[in-house]
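Contents: one structure, followed by commentary.
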Amino acid sequence: MTHCCFLRVHWFWSFRRRMALVLCLQVLCSLGGWLSLYISFCRLNKHRSYEWSCRLVTFTHGVLSIGLSAYIGFIDGPWPFTHPGSPNTPLQVHVLCLTLGYFIFDLGCIWRFAWRKSIKKYHAWRSRHSEERPLRHSGHLKMH
C-alpha cells in the first residue's frame with residue numbers, strides 16, 4: 001500500500017517538474033521570438049534608433065495581446081464572468097507564456113534604454129536642487 005502511494009506521489013512530482021520545464025521552455029521561446037522581432041525591426045529601420053525598434057515591439061505586443069485576449073474571452077471561452085476560477089485552457093497558458101517572455105524582454109529594454117536616462121535625470125535634478133538653495137549675498141546659506 002505504501003509503495004503504491006509512493007509511486008503516485010513520485011509520479012505527481014515528476015509530472016509537475018516536467019510541466020514546469022515545458023512552461024519555462026515556452027517562455028524562453030517567447031523571449032527568443034520577441035528578440036528576433038526586435039532584431040528584425042532594427043535591421044528594417046536602420047535610420048531609427050534602437051529604442052524605436054523596442055517601441056515597435058511593444059506596440060506589436062499590445063496589438064497581439066488585445067487580439068488574443070479578446071479571442072479567448074469572447075470566442076474560445078470560458079467566459080470569465082460566468083466561470084471564474086475555472087482551469088486554464090491550453091491557449092490561455094500559451095498567451096501567458098507569450099506575455100511573460102515579452103515581460104522579460106521589456107525589462108531588458110528598460111535596463112538598456114531607460115536606466116541611463118533615469119540616472120541622468122536624477123543627477124540633473126540633484127544639481128538643480130542644490131543650486132536653488134537660498135543664498136545670502138555673502139555666499140552663506142540662509143538660516144530658517
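Just so it is clear, the model here is predicted, and its values are computed rather than measured. If you read the sequence from its start, that first residue is 1, and numbering goes on from there. We use all heavy atoms of the structure for the numbers below, so side chains are in, but hydrogens, waters and symmetry mates are not.
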Nearest-0.5 Å distance, [atom1] of residue [X] to [atom2] of residue [Y]:
X      : Y      : atom1 : atom2 : result
Ile110 : Asp106 : CD1   : CG    : 4.5 Å
Ser49  : Arg55  : OG    : CZ    : 7.5 Å
Ser69  : Leu64  : OG    : CG    : 9.0 Å
Ser53  : Arg43  : OG    : CZ    : 11.5 Å

Short question: side chain of Ser40, backbone of Ser36 - any donor-acceptor pair under 3.5 Å?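 Flag set: sc Ser40 to bb Ser36 pair under 3.5 Å.
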
Trp34 side chain vs His61 backbone, donor-acceptor pair below 3.5 Å: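 Not a single qualifying donor-acceptor pair exists.
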
In terms of hydrophobic clustering (I, L, V, M, F, W, Y; side-chain heavy atoms under 4.5 Å; direct or indirect links), are [X] and [Y] co-clustered?
X     : Y      : value
Tyr50 : Trp52  : yes
Leu25 : Leu96  : no
Val22 : Leu100 : no
Val93 : Leu91  : no
Leu28 : Leu21  : no

Side-chain polar contacts of residues 70-78 - donor-acceptor pairs under 3.5 angstrom, sequence neighbours left out - could you list them?
none

Which residues pass the ring pair (Phe, Tyr, Trp, His ring centres under 6.0 Å) test with Tyr38, not counting sequence neighbours?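 Tyr38 satisfies ring pair (Phe, Tyr, Trp, His ring centres under 6.0 Å) with Phe105 only.
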
Over 12 foreign heavy atoms within 6.0 Å of CZ, Phe41: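 For Phe41, atom CZ is crowded (more than 12 foreign heavy atoms under 6.0 Å).
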
Measuring only between side-chain heavy atoms, which start at C-beta, is [X] closer than 4.5 Å to [Y]?
X     : Y     : value
Asn45 : Leu56 : yes
Leu68 : Thr99 : no
Leu23 : Gln26 : yes

Ser30 to Leu98 - nearest heavy-atom pair and separation: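 Result for this residue pair: OG-O, 2.9 Å.
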
Any side-chain donor near an acceptor of the partner, Tyr102 and Ser65, under 3.5 Å: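 Note: Tyr102 and Ser65 side chains miss the donor-acceptor criterion.
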
